[in-house]
Amino acid sequence: MPGTRKPQRIGGSLTRPVHMLIDPRILEETADQAAGKVRWFSKQRRRKHNGALLNKIIIWMFGPLFLLWTIGLVITYFIAQNIADAPYDRALSDHLRMLRHEVEQQSILSGLQLSPSAITILQGDPGHFIHWEIRDANGNSLAGNRDIPLPDNWTYERDQIRMRNETLEGHSIRVAYIWGGRDATGMPFLTVVAQSNEMRATLQQEILTGMLTPQLIVLPLAALLAGLGLTQGLEPLSILQERIRARRANDTSPISAELAPAEIVPLIAAMNSLLARLAAANDAQRRFVANAAHQLKTPLAGMRTQAELALRENAPEKMDDSLKQLVRGSERATRLVNQLLALARAESPDTPVQGNMMDVDLNDLAETQTAQWVQSALDKQIDLGVERSPFDIHIDGNRLMLAELLNNLIENAILYSPEHGRITVRVGGDPLSAYLEVQDSGPGIPLAEQQRVFDRFYRMLGTDSDGSGLGLSIVKEIADLHKASLAFMPTNQGTCLRIVFSQIDGIKRQWA
């Protein structure tokens with residue numbers, strides 16, 4: 001027959017006994033111990049890296065705040081120091097100018113005599129006497145306290161007041177000096193005054209106490225209120241946790257987000273999506289178990305009956321008939337199990353179709369899968385052929401599942417086609433779609449039955465073919481996974497079922 005080829009058969013296998021050099025029980029115990037250690041280390045790592053959400057929020061909230069508060073303390077210290085220094089520096093500058101004015105009215109070489117008012121001002125507080133000194137251009141002391149320290153690099157900047165902190169007799173003092181004064185004889189001189197820093201330190205401490213005391217009172221209260229606020233803010237999470245814990249193990253209904261904060265609504269949506277996939281997987285598993293239990297019961301019962309008949313028969317020819325029936329029953333059971341497994345894979349929500357997408361040549365797929373059914377067609381004297389598309393048509397799909405789809409279509413066509421019938425596997429397409437179709441010369445499917453034949457285990461009345469009613473269900477599930485559509489095409493005799501792949505982005509054509 002044109003367009004067909006006999007598939008090669010591969011059979012036979014060679015098995016050799018395997019001698020274990022190590023006691024399997026020792027291997028099993030060692031593996032269990034290693035697995036236990038791995039689980040223990042994993043648990044410790046999770047405990048180390050996973051902390052309470054409230055603790056993490058408190059750390060990330062109060063850690064930066066504490067750092068900023070520390071920086072604020074340093075800034076506050078310097079601000080308080082400047083505030084405390086400003087009035088005393090102004091007073092010291094006034095004393096410096098007054099002393100220079102007093103000296104400018106006299107002759108330094110004739111001896112200085114300060115006025116009573118100037119002496120009163122310079123004496124000030126008895127505990128904080130103001131020291132003064134007059135020096136010439138060479139830095140030699142002319143009058144006053146000779147022990148006041150001055151910098152070695154002081155400059156002759158006229159009428160510029162300079163200040164610095166020094167130590168005198170073990171006490172911290174503030175020194176102010178100015179150059180540019182001239183006495184009555186025109187002799188230039190340097191005016192120096194100094195004052196203890198004790199009063200400045202006392203004022204600075206009072207300022208710091210006044211500024212930091214409210215902070216030290218308010219900060220713990222703010223931390224307490226923030227902690228209470230966080231606890232109350234996380235209360236919906238605790239309620240959600242209790243609701244989830246109270247759910248039954250088999251409850252896969254969606255979690256209500258009615259009382260949940262807006263921030264965790266996406267998390268609840270993701271959990272609901274997971275529950276939906278889990279429910280779909282559980283449903284698929286239950287369906288598979290129910291289908292397997294229901295459908296395997298009849299073939300297994302028949303096989304048991306034939307085995308019992310073979311045991312009771314003494315005549316070899318009757319025993320052979322029973323054994324042949326037993327073989328056919330096992331073949332039907334095997335085929336049914338394979339179809340159930342294929343249906344379960346197609347219905348499973350975790351089927352990695354998108355992850356296993358590859359470029360599939362429909363012409364090559366049709367020829368390869370058709371060749372596998374040549375012998376079955378020859379056994380019924382059916383003309384099985386392939387009509388390739390004149391163009392190279394490629395789609396993005398799961399080749400294994402598409403092969404399963406085409407196998408079920410060809411198998412159904414062989415089962416329901418009469419002897420000397422005709423089956424054609426056809427590939428075609430247009431600029432917007434590609435299609436696979438299988439046409440047979442069987443009894444056909446009435447219009448009223450065309451939608452029901454895709455239901456599991458549905459078989460039309462009056463059919464005597466040995467089918468399970470799962471083939472077209474598998475075809476529909478695989479087509480849905482590939483977002484393809486199924487259509488019964490008009491034909492004069494038999495059935496023509498077309499699978500159309502209309503994903504434009506997933507179709508690649510090379511028009512000759």
Candidate pair Leu365 and Leu436, rule side chain to side chain contact (heavy atoms under 4.5 Å, CB included), full reasoning:
CA-CA 10 Å; Leu365 177 70; Leu436 279 172; 4.2 Å; yes

For Leu240 and Ile268, what are the C-alpha separation, side-chain angles and deciding distance, and is it a side chain to side chain contact (heavy atoms under 4.5 Å, CB included)?
CA-CA 10 Å; Leu240 179 63; Ile268 295 178; 4.0 Å; yes

Please test Arg422 against Ser417 for side-chain hydrogen bond (donor to acceptor under 3.5 Å, both in side chains), starting from the C-alpha separation and ending with a verdict.
CA-CA 8 Å; Arg422 181 181 180 85; Ser417 293; over 6 Å; no

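For the residue pair Ile499 and Ala479, the shortest heavy atom distance occurs at CG2-CB, 4.4 Å. When all heavy atoms are compared, the tightest approach of Ala84 to Ile207 is N-CD1, 4.1 Å. The two residues Glu404 and Asn408 have their closest heavy-atom pair at O-ND2, 2.7 Å. Looking at every heavy atom in both residues, Leu406 comes nearest to Ala366 through CD2-CA, 3.7 Å.
Judged by distance alone, the side chains of Asp379 and Gln375 do bring a donor and an acceptor atom under 3.5 Å apart. Donor-acceptor pairing under 3.5 Å is recorded for the side chains of Gln215 and Trp69. Defined by atom type and a distance below 3.5 Å, a donor-acceptor pair is present between the side-chain atoms of Arg174 and Asn165. For the 3.5 Å distance criterion, the side chains of Gln439 and Thr495 fail to qualify, holding no donor opposite an acceptor.
At least one side-chain heavy atom of Met401 sits under 4.5 Å from a side-chain heavy atom of Leu481. Considering only heavy atoms from C-beta on, Leu203 comes within 4.5 Å of Tyr88 through its side chain.
Among residues at least two apart or in separate chains, salt bridge (Lys or Arg N to Asp or Glu O under 4.0 Å) pairs with a member in residues 63-88 are Asp85-Arg200.
With hydrogens and angles disregarded, no donor-acceptor distance shorter than 3.5 Å links the side chain of Ser433 to the backbone of Gly429. Without hydrogens or angle criteria, Asn407 side chain to Ala403 main chain gives a donor-acceptor distance under 3.5 Å. With hydrogens and angles disregarded, a donor-acceptor distance shorter than 3.5 Å links the side chain of Lys380 to the backbone of Ile414. Between the side chain of Asp440 and the backbone N or O of Gln493, no donor-acceptor pair lies under 3.5 Å. Checking side-chain atoms of His420 against main-chain N and O of Ile382 turns up no donor-acceptor pair under 3.5 Å. Between the side chain of Ser273 and the backbone N or O of Ala269, no donor-acceptor pair lies under 3.5 Å. In this structure, Arg388 contributes its side chain and Asp364 its backbone to no donor-acceptor pair below 3.5 Å. Put simply, the side chain of Arg426 never gets that close to the backbone of Ser389: no donor and acceptor are under 3.5 Å apart. The closest donor-acceptor contact from the side chain of Ser441 to the backbone of Gly421 lies at 3.5 Å or more, if one exists at all.
A 6.0 Å sphere centred on CZ of Phe488 holds more than 12 heavy atoms belonging to other residues, nucleotides or ligands.
For the atom pair CD of Glu437 and OG1 of Thr491, the computed distance is 9.0 Å after rounding to the nearest 0.5 Å.
Note on Arg399 versus Asp361: no salt bridge recorded, every NZ/NE/NH1/NH2 to OD/OE distance being 4.0 Å or above.
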